[in-house]
Amino acid sequence: MTSAIDPRYELPRDWPTTEAEATAVQERLRGSVRAEGGAVPAPGGGAGAVVGVDVAYDDERGVVAAAAVALDARTLAVVGEATAVGRVTFPYVPGLLAFREIPAVLDALGALDRRGHRPDVVVCDGYGLAHPRRFGLASHLGVLTGLPTIGVAKNPFTFRHAPPGPRRGDWAPLLDGDEEVGRALRTRDGVKPVFVSVGHRVTLDEACAYTLHLARDYRQPETTRRADALCRRALADAV
DNA sequence: GCGACAG
DNA sequence: ATCTTGTCGC
């Protein structure tokens with residue numbers, strides 16, 4: 001049993017408009033994050049769809065485009081794609097990225113669902129529990145949809161870490177003070193690591209194993225690369 | 001008060 | 001995120 005209930009792709013009615021409201025939402029929902037494992041099929045093993053999401057912006061025109069790309073979890077072949085275009089509704093504020101990205105992401109995931117694709121896990125471009133209030137984009141998306149999610153970021157944000165070993169698979173704890181909030185994970189020999197954290201319904205070990213599997217050919221997970229390319233295309237076509 | 005700060 | 005050319009390298 002992977003998912004007990006159907007995922008939900010509707011934006012909550014109380015979606016915030018101000019920074020103060022947004023922070024309050026994070027404080028209210030953070031307790032709903034589950035960091036237990038077993039909900040996600042083994043990365044290289046059984047069948048399953050891993051979905052990558054990403055967002056691109058044209059702030060001049062106030063346009064946002066999101067993409068959701070489904071890959072075969074074993075072969076990493078693209079099995080489905082969907083996009084959504086909308087208006088920018090929230091500025092970029094460190095710690096509040098979710099409120100800028102999630103509305104368009106939910107639309108893209110909803111469109112992907114209508115094309116018959118049910119994610120077993122969603123990979124986000126950003127953080128999950130590695131967040132000032134332990135409720136980054138990946139965790140927020142997981143709690144809203146009910147889906148297992150993983151956060152993979154390209155920068156260490158405000159966190160600290162020792163340099164991981166030089167080889168693919170080497171990692172070092174990502175620390176907020178003494179607390180391990182994620183990992184700096186080397187996905188390619190001698191290349192800058194990525195920063196992995198739990199989103200929802202996965203363990204940190206599972207999140208790292210999935211990231212390593214998805215980053216088979218490049219530094220970033222194949223999910224993120226495909227979604228990034230697709231949302232840029234969607235934005236260009238929309239403008 | 002100042003700087004840093006996922007995308 | 002986005003602004004942006006060529007360029008070095010596999």
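As a basis for the values below, the full set of heavy atoms in this structure was taken, side chains included, without hydrogen atoms, waters or symmetry mates. In what follows, every chain begins at residue 1, and chains take the letters A, B, ... in the order their sequences are listed.
Residue contacts for D54(A): at a heavy-atom cut-off of 4.0 Å it reaches the sugar-phosphate backbone alone, with no base atom in range. Using a 4.0 Å heavy-atom distance criterion, A56(A) is classed as a sugar-phosphate-only contact. Residue contacts shown for G95(A) include a base, since a base heavy atom lies under 4.0 Å away. Looking at heavy-atom distances under 4.0 Å, L96(A) makes contact with a base.
Note: CZ (R134(A)) to C1' (dA6(B)) measures 14 Å, nearest angstrom. Between E101(A) atom CD and dT2(C) atom P the separation is 10 Å, expressed in whole Å. One interatomic measurement links the two molecules: CZ of R232(A) to C1' of dC3(C), which rounds to 12 Å at whole-angstrom precision. Between D228(A) atom CG and dA1(C) atom C1' the separation is 10 Å, expressed in whole Å. Following rounding to the nearest Å, R160(A) (CZ) and dA4(B) (P) show an atom-to-atom distance of 14 Å.
An OP1 or OP2 oxygen of dA6(B) is reached within less than 4.0 angstrom by a side-chain nitrogen or oxygen of Y92(A). Between K154(A) and dG7(B) there is a side-chain N or O to OP1 or OP2 distance below 4.0 Å. For the pair R100(A) and dA6(B), the criterion of a side-chain N or O lying under 4.0 Å from OP1 or OP2 is not met. Under 4.0 angstrom from either OP1 or OP2 of dC5(B) there lies no side-chain N or O belonging to N155(A).
Annotation: side chain of V143(A) is not in contact with side chain of R30(A) (no heavy-atom distance under 4.5 Å).
Consecutive pairing runs in DNA chain C never reach the stem threshold, where a stem means at least three Watson-Crick or G-U wobble pairs with distances under 3.5 Å.
Under the 4.5 Å side-chain heavy-atom criterion for grouping Ile, Leu, Val, Met, Phe, Trp and Tyr, V121(A) is connected to L71(A) within one hydrophobic cluster.
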